Amino acid sequence: MSTADTDARLKRLGLYAVLVAMAGFYLLPILTGLFTSITSPESYTGQSPFLPPLEPLIAETGSLSLQPWGNAFDGLARGLANSFILVIPATILSGLFGSMAAYGLTNVDWRGQVGIYALFVAGIFIPYQAVLVPLTQFWYNVVPLQSLFAPFAAFPLVQAYHWKLVALIVTHTAYGIPICTLLFRAHYKKLSDEMIEAARLDGASVSTIYRRIVLPLSIPMFAVVFIYQFTQIWNDLLFALTIVQFGDASVVTQELVGIGVSQAGTNFPLRMAAALLAALPTLVVYVLFGDKFAEGVTA
Amino acid sequence: MRNPIATLRNRWSDSDARADGGEPASTRSFFDRDSVRSAPFWLPPFLLVGLFVYGAVVWNFLLSLTDFTGIGEPDYTDLDVENYFVAFADPVDGLLSTVGLGGEVQGGSPAWSELTVEPVWNSLGNTIALMVGFAAICLALGLVLAILVDRGIRFENTFRTIYLLPMSLSFVVTAKFWLYMYNPNTGLINIALGAVGIGPVQIVQNPDLKLGAVAFALIWQFSGYAMIVYLAALRGIPSSHFEAARVDGASTIKMYWRVIIPQLRTATVSALVVITVFALKAFDFLFSMYGGYQPGPSADILATRMVREAYANQNWAYGSTIAVILFVMALFIVAPYIYSQYRRGEL
């Protein structure tokens with residue numbers, strides 16, 4: 001074998017070594033969390049968080065237990081339920097509105113739409129802080145949502161405190177529309193003009209074209225948008241903290257902040273189990289639809 | 001003279017008119033305009049965004065001019081810019097301390113408070129340090145990873161998926177993982193340091209390391225994003241450019257430096273904008289890491305300061321003032337970007 005060949009092979013080996021090391025860098029915090037979360041708290045020593053609990057086999061690693069996950073579920077159950085009540089409608093609404101806005105601003109041509117669209121795009125980058133105080137004022141002092149919502153509490157499964165989640169759904173919907181519009185618009189620009197033109201000449205109205213042509217063609221984009229929005233809204237803490245505040249309607253990210261800390265110190269197995277449990281829905285979505293997620297974040 | 005409405009009307013309503021059998025242009029109503037006919041689609045989302053995003057931004061600015069401290073209704077009749085003077089009080093010492101040259105900063109005493117209120121210099125300095133350090137390293141790491149992944153490797157999908165994985169996590173979750181990693185007794189970082197005879201080092205509560213520790217965790221979470229953006233851009237460069245450089249006999253590193261990297265300008269700008277705005281939003285991370293509104297002066301950024309002033313200290317108007325400062329910072333980053341997109345016809 002020539003030296004050039006050996007050289008190339010060594011380079012290739014070095015390349016993979018770096019790639020694997022970087023994979024380790026990204027996975028280690030999650031793996032140590034996972035190993036710790038399945039260690040029984042009594043046997044936890046914290047001396048080898050990089051190893052799974054294999055106590056009789058390897059000393060000092062702790063013994064296997066699913067108890068932290070059970071406790072984490074007990075601690076987070078209400079937050080998880082509230083998060084799902086929040087995330088599902090907010091994701092669907094912001095996706096639908098985003099699709100409608102993108103259609104009205106892309107496939108129907110009119111002057112001034114770029115200006116309106118620029119406002120949508122700028123909305124993506126506005127820090128939440130810039131609207132927090134007005135939003136708190138709005139939901140607590142201006143709109144009597146609490147009393148408006150009271151009659152709905154008579155329905156099964158609806159609680160009086162759900163009004164806070166309604167406020168949060170509307171807020172997240174409004175804040176999600178800009179990014180959804182951007183994602184859909186990129187997609188709608190690529191739709192064939194001839195098809196829409198032909199439908200128009202056949203006398204189809206603006207809304208018929210949307211329902212019959214554009215909507216069916218945007219199903220792949222809806223997947224991207226829903227995955228993106230689901231992750232964003234599920235992961236958010238700041239809006240929940242300031243609009244829902246701590247209490248019955250707390251979402252899972254709020255509940256996670258304080259879990260696993262007591263006078264006796266930090267219960268790391270419980271805390272890691274809780275962190276993973278809170279992340280589980282987004283992790284599952286990511287593992288199943290990683291490509292769609294990547295498509296959403298890079299648009 | 002041409003009818004101004006007719007000049008505004010576009011081809012859509014024209015073709016409709018033909019289908020309707022040649023309705024004369026001058027009688028076509030306002031409702032035939034395409035902006036109006038498409039309004040059922042774009043107007044409801046626009047009103048939602050207008051009310052909750054832009055309306056709230058304007059309202060927030062008004063609140064920043066009041067003395068509102070949470071009691072009763074804000075008094076909108078007595079507006080002044082006092083809060084901005086308090087926020088930027090003692091500018092000379094403030095600016096010096098922002099760039100790390102020390103200087104004792106004198107606080108202001110606004111009408112709504114009996115206590116001295118801290119100006120924003122400290123958190124402004126931390127915000128800029130975090131933004132610059134985090135964004136620069138994030139982009140550099142992302143670029144290197146993208147180039148490596150682009151070398152025609154096997155299992156490319158697996159590597160990409162792993163690198164982007166942290167981005168799907170919540171800031172709150174990431175903070176919990178890194179709190180554990182940084183723990184002086186049981187954290188992996190200190191165990192690794194202990195193995196080479198250093199430590200244990202207090203990281204999370206150490207004023208000298210705090211901000212770096214936060215930035216490091218954020219880099220862990222978002223460098224995969226920079227990689228994905230760069231990878232997409234690299235794939236967009238025609239392979240003839242790679243080949244031309246190779247024929248010229250350029251070494252691999254030289255080829256990337258001279259030929260490829262200059263073509264990544266657009267990708268760099270858009271990744272930079274997104275990542276910097278992420279850094280402005282790092283509140284969730286700090287709140288989760290420090291278990292509340294108090295990350296301490298050396299890790300306090302404007303995002304945490306704003307929420308603390310409003311929601312913990314009840315200095316609502318002052319919180320709004322800091323929010324305006326954050327908004328203006330975001331605007332300075334985003335407005336040139338959107339304008340350049342518009343100029344290139346990509347909006």
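Quick note: numbers below take in every heavy atom, side chains included, and nothing from hydrogens, waters or symmetry partners. To find a chain, count down the sequence lines: A is the first, B the second, and so on, and within it residues start at 1. Since the model is a prediction, treat every value here as computed from it, not as a measurement.
In this model, a donor atom of one side chain and an acceptor atom of the other lie less than 3.5 Å apart for B:Ser223 and A:Tyr26. With no hydrogens or angles considered, a side-chain donor-acceptor pair links A:Ser99 and A:Tyr188 at under 3.5 Å.
Put simply, the side chain of A:Thr208 never gets that close to the backbone of A:Ala204: no donor and acceptor are under 3.5 Å apart. Side-chain atoms of B:Ser288 come within 3.5 Å of backbone N or O of B:Val172 as a donor-acceptor pair. Checked by atom type and distance alone, the side chain of A:Gln254 never pairs as donor or acceptor with a backbone atom of A:Leu237 at under 3.5 Å. Looking only at distances, no side-chain donor or acceptor of B:Asp150 sits under 3.5 Å from a matching main-chain atom of B:Ala146.
Heavy-atom distances place the side chain of B:Leu63, and not its backbone, under 4.5 Å from chain A. In this structure, chain A has heavy atoms under 4.5 Å from both the backbone and the side chain of B:Val229. For B:Ile338, the part sitting under 4.5 Å from any heavy atom of chain A is the side chain, from C-beta outward, and nothing else. Within the 4.5 angstrom heavy-atom criterion, only side-chain atoms of B:Ala310, from C-beta onward, approach chain A. Looking at B:Leu62, neither its backbone nor its side chain comes within 4.5 Å of chain A, counting heavy atoms on both sides. Within the 4.5 angstrom heavy-atom criterion, atoms from both the backbone and the side chain of B:Ile228 approach chain A. Heavy atoms closer than 4.5 Å to chain B are found in the side chain of A:Thr231, but not in its backbone. Contacts between B:Pro40 and chain A at a heavy-atom distance below 4.5 Å involve the backbone alone (N, CA, C, O). In this structure, the portion of B:Tyr337 lying under 4.5 Å from any heavy atom of chain A is its side chain and not its backbone. For chain B, the nearby part of A:Tyr210 is the side chain; its heavy atoms alone come within less than 4.5 Å. With a 4.5 angstrom heavy-atom cutoff, B:Met167 touches chain A via backbone and side-chain atoms both. Residue contact with chain A, scored on non-hydrogen atoms closer than 4.5 Å, is absent for B:Tyr290. With a 4.5 angstrom heavy-atom cutoff, B:Tyr342 touches chain A only via side-chain atoms. Looking at B:Phe61, neither its backbone nor its side chain comes within 4.5 Å of chain A, counting heavy atoms on both sides. Contacts between B:Asn185 and chain A at a heavy-atom distance below 4.5 Å involve the backbone alone (N, CA, C, O). In this structure, the portions of B:Tyr180 lying under 4.5 Å from any heavy atom of chain A include both its backbone and its side chain. Neither the backbone nor the side chain of A:Val252 comes within contact range of chain B; no heavy atoms are under 4.5 Å apart.
The aromatic rings of A:Trp139 and B:Phe52 sit parallel to each other, their planes meeting at less than 30°, with 60° as the upper class boundary. Relative orientation of the B:Phe177 and B:Trp220 rings is perpendicular, given thresholds of 30° and 60° on the angle between their planes. Ring geometry for B:Phe171 versus B:Phe278: interplanar angle over 60°, hence perpendicular rather than tilted (30 to 60°). Note: B:Trp42 and B:Phe46 have perpendicular aromatic rings, judged against thresholds of 30 and 60 degrees for the angle between ring planes.
The environment of A:Phe246 atom CZ is dense: over 12 non-hydrogen atoms of other residues, nucleotides or ligands sit within 6.0 angstrom.
Chosen from A:Asp236, A:Leu27, A:Leu119, the residue pairing most often with chain B at heavy-atom distances under 4.5 Å is A:Leu119. Contact count against chain A (heavy-atom pairs under 4.5 Å) is highest for B:Ala56 among B:Ala323, B:Ala330, B:Pro74, B:Ala56. Ranked by heavy-atom pairs shorter than 4.5 Å toward chain B, the options A:Thr282, A:Leu19, A:Leu15, A:Leu283 are led by A:Leu19. The choice from A:Leu135, A:Ile116, A:Asn141 that makes the most heavy-atom pairs within less than 4.5 Å of chain B is A:Ile116. Counting heavy-atom pairs closer than 4.5 Å to chain A, the top residue among B:Phe327, B:Tyr54, B:Tyr339 is B:Tyr54. Ranked by heavy-atom pairs under 4.5 Å with chain A, the first of B:Arg154, B:Glu73, B:Gln341, B:Met329 is B:Arg154. Ranked by non-hydrogen atom pairs under 4.5 Å with chain A, the options B:Met306, B:Met181, B:Lys176 are led by B:Lys176. When each of A:Ala275, A:Ala102, A:Ala274 is checked for heavy-atom pairs under 4.5 Å with chain B, A:Ala275 comes out on top. Of the listed residues (B:Leu51, B:Val334, B:Leu164), the greatest number of heavy-atom pairs within a distance under 4.5 Å of chain A belongs to B:Leu164. Ranked by heavy-atom pairs under 4.5 Å with chain A, the list B:Leu148, B:Leu302, B:Leu331 is led by B:Leu148. Interface remark: of the candidates A:Val170, A:Thr253, A:Leu238, A:Leu238 forms the most heavy-atom pairs closer than 4.5 Å to chain B. With respect to chain B, the highest number of heavy-atom pairs below 4.5 Å among A:Asp202, A:Thr36, A:Thr171 belongs to A:Thr36.
Closest non-hydrogen pair, A:Thr106 versus A:Lys189, comes out as CG2-CG, 3.9 Å. Among all heavy-atom pairs drawn from B:Leu169 and B:Gln221, the shortest one is O-NE2, 2.9 Å.
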side-chain hydrogen bond (donor to acceptor under 3.5 Å, both in side chains) between A:Gln232 and A:Trp234, worked out: CA-CA 6 Å; A:Gln232 288 296 307; A:Trp234 183 275; over 6 Å; no
B:Ile189 vs B:Trp178, side chain to side chain contact (heavy atoms under 4.5 Å, CB included): CA-CA, chis, key distance, verdict: CA-CA 10 Å; B:Ile189 299 215; B:Trp178 282 94; 4.1 Å; yes
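Using a 4.0 Å cut-off between charged side-chain N and carboxylate O, B:Arg235 and B:Glu156 make a salt bridge.
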